[in-house]
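Presented below is the structure to which this report refers.
A quick note: this is a predicted structure, and the numbers were derived from the prediction, not measured. Counting from 1, the numbers follow the sequence of the chain as shown.
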Amino acid sequence: MNEPRARQIVARERARVESRLAELGGEIRAEGSLQRQQPGDSGDAGSALQTESVTVALAADLREQLAAVGRAEERIARGRYGRSVESGIPIPDERLEVEPLAERTIEEQRQYERRGPN
């Protein structure tokens with residue numbers, strides 16, 4: 001994949017992730033903390049706790065995606081974008097168009113997920 005296209009699709013991913021993080025930040029502030037609930041407000045506490053837990057998990061996932069964006073930008077700068085971080089084998093452009101933050105070929109990713117990150 002050529003560098004201008006790589007920069008374009010990774011920038012699009014950065015914008016998407018940052019926008020969603022900003023939205024979640026607003027949702028978290030709007031909902032407020034469960035710790036500030038008044039005594040006797042426990043009727044919706046379970047539901048609110050579940051919603052807050054999901055929101056926090058989504059925010060953590062988005063922060064991980066943002067870190068992946070940074071790694072992709074670094075690979076672009078070093079001329080290594082589009083190559084597997086494990087083997088150096090080229091990642092097909094078709095995969096990168098669908099998954100701009102891909103760090104491995106599909107087969108390497110499957111093996112990585114089976115064995116875990118460590």
Side-chain angles (χ1 to χ4, degrees):
M1 174 173 293
N2 66 50
E3 185 177 329
R5 180 64 182 147
R7 288 187 184 285
Q8 179 184 32
I9 64 174
V10 171
R12 182 183 66 217
E13 281 299 294
R14 175 176 284 286
R16 182 190 64 79
V17 172
E18 288 176 343
S19 172
R20 189 62 184 122
L21 267 171
E23 290 171 12
L24 279 178
E27 289 174 22
I28 291 169
R29 285 187 297 278
E31 292 172 4
S33 172
L34 291 178
Q35 296 173 358
R36 293 185 301 211
Q37 282 189 348
Q38 298 296 317
D41 286 349
S42 62
D44 293 326
S47 172
L49 180 59
Q50 182 177 5
T51 299
E52 187 173 326
S53 294
V54 168
T55 302
V56 168
L58 286 172
D61 182 60
L62 288 166
R63 284 190 294 276
E64 288 176 23
Q65 290 178 43
L66 196 54
V69 167
R71 291 190 304 271
E73 291 168 337
E74 184 177 313
R75 287 192 307 278
I76 291 170
R78 293 189 335 219
R80 300 293 300 160
Y81 182 79
R83 295 200 164 269
S84 168
V85 297
E86 288 189 17
S87 66
I89 294 171
I91 300 169
D93 288 354
E94 296 81 14
R95 174 163 167 70
L96 294 169
E97 288 288 343
V98 174
E99 185 61 47
L101 307 179
E103 295 180 321
R104 298 168 186 82
T105 64
I106 290 174
E107 185 54 38
E108 289 172 337
Q109 187 63 38
R110 286 182 184 138
Q111 291 173 3
Y112 176 81
E113 289 171 4
R114 278 195 295 266
R115 72 176 181 263
N118 294 331

Once rounded to the nearest 0.5 Å, what's the spacing between atom [atom1] of [X] and atom [atom2] of [Y]?
| X | Y | atom1 | atom2 | result |
| --- | --- | --- | --- | --- |
| Arg115 | Gln111 | CZ | CD | 6.5 Å |
| Gln8 | Glu13 | CD | CD | 12.0 Å |
| Met1 | Arg83 | CE | CZ | 13.5 Å |

Measure across [X] and [Y] and return the closest heavy-atom pair with its distance rounded to 0.1 Å.
| X | Y | answer |
| --- | --- | --- |
| Pro90 | Thr105 | O-CG2, 4.0 Å |
| Arg12 | Arg5 | NH1-NH2, 4.0 Å |
| Arg80 | Gly88 | NH2-CA, 3.9 Å |
| Leu96 | Ile9 | O-CD1, 3.5 Å |

- Flag, side chain of Tyr81 to backbone of Pro100, donor-acceptor distance under 3.5 Å: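 Checking the backbone N and O of Pro100 against the side chain of Tyr81, a donor-acceptor pair under 3.5 Å is found.
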Hey, is [X] close enough to [Y] for a salt bridge, meaning N to O under 4.0 Å?
| X | Y | answer |
| --- | --- | --- |
| Arg20 | Glu23 | yes |
| Arg7 | Glu73 | no |
| Arg114 | Glu107 | yes |

- Message: Within the structure provided, determine whether Arg75 and Val85 are in side-chain contact (heavy-atom separation under 4.5 Å).
- Response: yes
- Message: So Ile106 and Arg95, do their side chains get closer than 4.5 Å, heavy atoms only?
- Response: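 Arg95 reaches Ile106 side chain to side chain.
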N/O donor-acceptor pairs under 3.5 Å from side chains in residues 56-67, not counting sequence neighbours:
{"from": "Asp61", "atom 1": "OD2", "to": "Gln65", "atom 2": "NE2", "distance (Å)": "2.8"}
{"from": "Gln65", "atom 1": "OE1", "to": "Arg16", "atom 2": "NH2", "distance (Å)": "2.7"}

- With Ser84, which of Glu103, Arg104, Glu108 fulfils side-chain hydrogen bond (donor to acceptor under 3.5 Å, both in side chains)? Glu108
- Query: Between Ile91 and Leu101, is there a shared hydrophobic cluster once you connect ILVMFWY residues whose side-chain heavy atoms come closer than 4.5 Å?
  - Reply: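 Result: yes, single cluster for both.
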